[in-house]
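Report on the following structure.
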Amino acid sequence: MKENVQQILAHFHIKQFQHDLIHWFQTEQRDLPWRKDKDPYKIWVSEVMLQQTRVDTVIPYFYHFIEKFPTLDSLAEAEEEEVLKAWEGLGYYSRIRHLHEAVKEVKEKYGGCVPASKEQFSSLKGVGPYTTGAVLSIAYGIPEPAVDGNVMRVLSRIFYITDDIAKGSTRKKFENIVSKIISHDNPSDFNQALMELGALVCTPKNPSCFLCPVQRHCRAFAEGVETELPVKTKGKAPKRISFRAIVLMNKKGNILIQKRPPRGLLANLWQFPNDEHAPTRNDEAFVKEISERYHVVIRSMERIGSFEHVFSHVVWHIEAYKGNALELQMGDETNKWVTIDELKQYAFPVIYQKIWQAYE
DNA sequence: TAAGCGTGGGC
DNA sequence: TGCCCAAGCTT
């Protein structure tokens, strides 16, 4: 039997909760680079970077990205290749492709000013319900819910909610609750405080309830069940895929690289020749496959290592080689022979960076 | 609705 | 070590 929102909020001291939470945030919040001003563009960039990504990982990327693209217009005018390079290593690369497309639209349609309209902003590429609420509340002070994993964890404990947070439909229930309890005087600090509390105090494991500013409002703490919340079902085990890759050098000392397709895993990033699409069973078949697909003659080949890389939904096992080759065709848009120096301009996924390190 | 989509850190 | 995770969105 699930309670409705009205029942959940019965006897809940909203004003007191808002004050306890916001006061704590204003005292204890971390000094983070995207909190230095309320520039909607910078807030937006930070929110996209922070999707499924830790604060400590994001900080150096944020500094570098904002230095390189200090304004929305500068990002809108940048080349895709350069933008992707600034995202190299952050993961979930569709985020930056969508952000790039979105800022171009903002430049064209809204003169480079991030729209404060929920309808307009949320229609942009890569902007979902969370990002909409986060940017509108933090940058513009608009009282919209910004429900992420932190908020669902915190509120599942505060209100003893046992819905499975792995289900998409559960987020709406929390948005409904937040829209009832959000501070209209300070929606920015309220939303950020819920997330900050989840990151610093109301953590997934071993929550620090003894120093929680809203302990007196928490049903889970009162019942002693905080470590059993939130309820979250597990995903299925990732598939394993094995294939080979090879770093090829021609007589001029150039390296062959290939741009990945514009959709799917690691879209638009660069890689070394491989047989991912049709894994071969032995060296002979591998040489034949690479020769035909990449229009090269492989003159020598040597194994340089074995690599495993775990993605969210798949595990790659790569046998890596290096070799010398003759090129039979000039390069094109997706297959290029580049100098070792030029390699640095192209964005590679981490697994191929590791293979390059083994080659060097 | 659920799968696809990265990476690095913590325990 | 092998899991779980971290400020989600798209299809």
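Letters A, B, ... are given to chains in the order of the sequence lines, protein chains preceding strands, and every chain is numbered from 1.
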For residues 226-236 of chain A, the side-chain hydrogen bond (donor to acceptor under 3.5 Å, both in side chains) pairs (sequence neighbours left out) are A:Asp164-A:Thr233

Q) Hey, does A:Gly168 reach any base, or is it just sugar-phosphate, or nothing, if we go heavy atoms under 4.0 Å? A) nothing

> When all nucleic acid strands are considered with a 4.0 Å heavy-atom cut-off, which category describes A:Gly89: base, sugar-phosphate, or nothing?
Replying inline: sugar-phosphate

Using a 4.0 Å heavy-atom cut-off across all strands, classify A:Arg260 as base, sugar-phosphate, or nothing.
nothing

Between CG of A:Leu99 and C1' of C:dT10 the distance, given in whole Å, is 15 Å

Remember a base hit wins even if backbone is also touched, and classify A:Leu90 as base, sugar-phosphate or nothing at under 4.0 Å, heavy atoms. base

Under 3.5 Å side-chain donor-acceptor pair for A:His13 and A:Arg216: no

Residues in residues 44-53 of chain A with a heavy atom under 4.0 Å of DNA chain B, by number, are A:Gln52, A:Thr53

Query raised in the report: Just to confirm, is there a sub-4.0 Å distance from OP1 or OP2 of C:dA6 to any side-chain nitrogen or oxygen of A:Arg153?
Result: yes

Between CH2 of A:Trp87 and P of C:dG8 the distance, given in whole Å, is 12 Å

Verify whether the ring centers belonging to A:Phe272 and A:Phe348 lie closer than 6.0 Å. yes

When you compare C:dA6 with B:dC5, how far apart are their C1' atoms, in angstrom units rounded to a whole number? 15 Å

Here the salt bridge (Lys or Arg N to Asp or Glu O under 4.0 Å) pairs for residues 250-265 of chain A, sequence neighbours left out, are A:Glu81-A:Lys259, A:Arg260-A:Glu276

ask   = With a non-hydrogen cut-off below 4.0 angstrom, is A:Val58 in contact with a base, only sugar-phosphate, or nothing?
value = nothing

Comparing A:Asn206 with A:Lys239, nearest DNA chain B nucleotide closer to 5' gives the residue A:Lys239

In whole angstroms, the gap separating P of C:dT11 from CZ of A:Arg263 amounts to 7 Å

- With a non-hydrogen cut-off below 4.0 angstrom, is A:Leu32 in contact with a base, only sugar-phosphate, or nothing? base

Going by chain and number, the hydrophobic cluster around A:Val287 (ILVMFWY, side chain to side chain under 4.5 Å) further includes A:Ile246, A:Leu248, A:Leu256, A:Phe286, A:Ile290, A:Tyr294, A:Val296, A:Ile298, A:Met301, A:Tyr321, A:Trp337

Under a 4.0 Å heavy-atom cutoff, the residues of residues 181-200 of chain A touching DNA chain B are none

| query | What nucleic acid atoms does A:Trp34 come within less than 4.0 Å of, heavy atoms only: base, sugar-phosphate, or nothing? | reply | base

5'-most contact on DNA chain B (nearest-nucleotide basis), A:Lys167 vs A:Pro349, goes to A:Lys167

* Asked: Would you say the side chains of A:Arg95 and A:Gln52 form a donor-acceptor pair under 3.5 Å?
  -> no

Legend entry - Within the 6.0 Å centroid threshold, strictly below: A:His19 and A:Phe17: no

(message) Ring centres under 6.0 Å, that's the criterion: do A:Phe307 and A:Trp316 meet it?
(response) no

First and last nt of DNA chain B near chain A, cut-off under 4.0 Å to heavy atoms, 5' to 3', are B:dA2 to B:dG8

Between CZ of A:Arg97 and C1' of C:dT11 the distance, given in whole Å, is 12 Å

In short, A:Gly126 meets A:Gln51 closest at the heavy-atom pair O-NE2, 4.2 Å

Would you say the ring centroid of A:Tyr352 lies under 6.0 angstrom from that of A:Trp270?
no

### Message
Under 6.0 Å between ring centres: does that hold for A:Tyr359 and A:Trp356?
### Response
yes

(request) For C:dT1 versus C:dC5, give the span between their C1' atoms, rounded off to a whole number of Å. (result) 16 Å

- Task: Begin with the C-alpha distance, continue with both residues' side-chain angles, and end with the deciding distance and a verdict on ring-ring contact (aromatic ring centres under 6.0 Å, His included) for A:Tyr61 and A:Trp87.
- Result: CA-CA 7 Å; A:Tyr61 279 92; A:Trp87 207 267; 7.6 Å; no

### Message
Please give the distance between the P atoms of B:dG6 and C:dT11 as a whole number of Å.
### Response
14 Å

